[in-house]
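Read the structure below first, then the notes.
All figures in this text were calculated on a predicted structure; none of them were measured in a lab. Index from 1, following the sequence. For ligands, and for the atoms within them, numbers begin at 1 and follow the listed sequence.
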Amino acid sequence: MRKNIVAGNWKMNKTYQDAQALVSEIDNMVKDEVSGDNVEVIVTPPFPFLHSISKLIQGNQRMHLAAQDVSAHESGAYTGEVSASMLKSVGVEYVLVGHSERRQYHNEDADLLLKKMKAALGQGIKPIFCCGEPLEVREAEDHFKYVGQQLRDTVAHLSNEEFDQIVIAYEPIWAIGTGKTASSAQAQEMHAYIREELSRIFDAEAAYNKTILYGGSANPGNAKELFSQPDVDGGLIGGASLKSRDFTDIIKSF
Ligand SMILES: O=C(CO)COP(=O)(O)O
């Protein structure tokens with residue numbers, strides 16, 4: 001079912017101590033300031049902090065835990081990899097797959113992304129599938145075609161049941177960490193296009209029910225307008241998720 005989600009992607013930031021402090025602050029602010037049950041909050045810390053943060057947020061129904069990556073392999077001789085079952089065993093519920101930084105710096109292609117999604121789904125972990133175009137594609141006005149292809153290359157290979165479990169995040173690369181947010185109109189038209197494309201691949205009801213997040217320089221100043229768009233169901237937040245006040249204010253933007 002479609003729901004409002006604000007997910008913080010911490011990327012490679014914070015030490016253990018700083019991570020504990022940040023998540024305690026977020027946890028308290030969410031408890032004190034966020035009422036009703038119209039928004040789900042996800043934190044995505046680096047691997048070494050997952051277990052302790054899982055325990056810390058256990059008592060807060062609204063808070064959920066995601067990992068930044070998952071291995072495509074089940075187990076065995078894959079030095080440095082972290083499997084879906086390991087993530088599951090420490091309370092991880094979601095995992096980012098297809099983030100542009102993984103695609104770019106780790107050469108993750110559509111094939112690998114599909115394997116990672118399947119590995120996660122096999123353990124009951126929900127993939128947050130990230131898509132989005134680079135600047136030159138936007139400038140050439142090929143962005144719809146580009147994002148449509150990303151969906152067809154990976155998401156289209158999931159079964160209907162698997163598709164039901166995933167979240168989509170649209171993150172235009174030119175807006176990530178640049179301070180240059182997509183306008184609410186640009187976000188809305190791409191989200192509407194993604195939903196339309198998903199309705200062609202799966203069906204209209206499944207597409208309507210899909211949660212589609214926006215990511216890229218989202219902050220407390222622009223979140224309200226972005227989230228008020230009919231096809232924007234929340235955000236995947238980078239920089240602003242590292243500050244408890246900013247992150248909580250974004251959560252309160254619905
Ligand atoms: O990549 C992002 C979240 O995954 C967005 O990062 P920023 O919010 O820092 O632009």
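Residues E33 and R245 share a closest heavy-atom pair of OE1-NH2, 2.7 Å.
A donor-acceptor pair under 3.5 Å is formed between the side chain of Y214 and the backbone N or O of A182. Of the possible polar contacts, one joining the N13 side chain to the W10 backbone as a donor-acceptor pair under 3.5 Å is found. At distances below 3.5 Å, at least one donor-acceptor pair connects side-chain atoms of N209 with backbone N or O atoms of E205.
Electrostatic pairing of D69 and R102 counts as a salt bridge here, judged by a charged N lying under 4.0 Å from a carboxylate O.
Where the criterion is an N or O separation shorter than 3.5 Å, residue side chain and backbone included, E101 fails it with respect to ligand 1. For ligand 1, the polar-atom distance check against G239 finds a nitrogen or oxygen pair separated by under 3.5 Å. Backbone and side-chain nitrogen or oxygen atoms of G177 are examined, and one is located within less than 3.5 angstrom of a nitrogen or oxygen of ligand 1. Considering backbone and side-chain atoms together, A240 places no N or O closer than 3.5 Å to any N or O of ligand 1.
Under 4.0 Å from ligand 1, the heavy atoms of N9 that appear belong solely to its side chain. Of the heavy atoms in A169, none comes closer than 4.0 Å to ligand 1.
Taking the six-membered ring for Trp and thresholds of 30 and 60 degrees, Y78 and H73 have nearly parallel ring planes, at less than 30 degrees apart.
For atom 8 (O) of ligand 1, the nearest non-hydrogen atom of the protein is G238 N, 2.9 Å.
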- Item | Pair Q150-Y170, side chain to side chain donor-acceptor pair (under 3.5 Å): steps then yes or no | CA-CA 11 Å; Q150 287 182 318; Y170 168 57; over 6 Å; no

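Between atom 5 (C) of ligand 1 and the options H99, E171, Q68, the minimum heavy-atom separation is to E171.
K210 forms a cation-pi arrangement with F163, by the criterion of a distance under 6.0 Å to the ring centre and an angle within 45° of the ring axis.
Within the listing of ligand 1, atoms 5 (C), 10 (O) sit less than 4.0 angstrom from a heavy atom of G216. Proximity to L236 (heavy-atom distance under 4.0 Å) selects the following atoms of ligand 1: 3 (C), 4 (O). For ligand 1, the atoms closer than 4.0 angstrom to any heavy atom of A175 are 10 (O).
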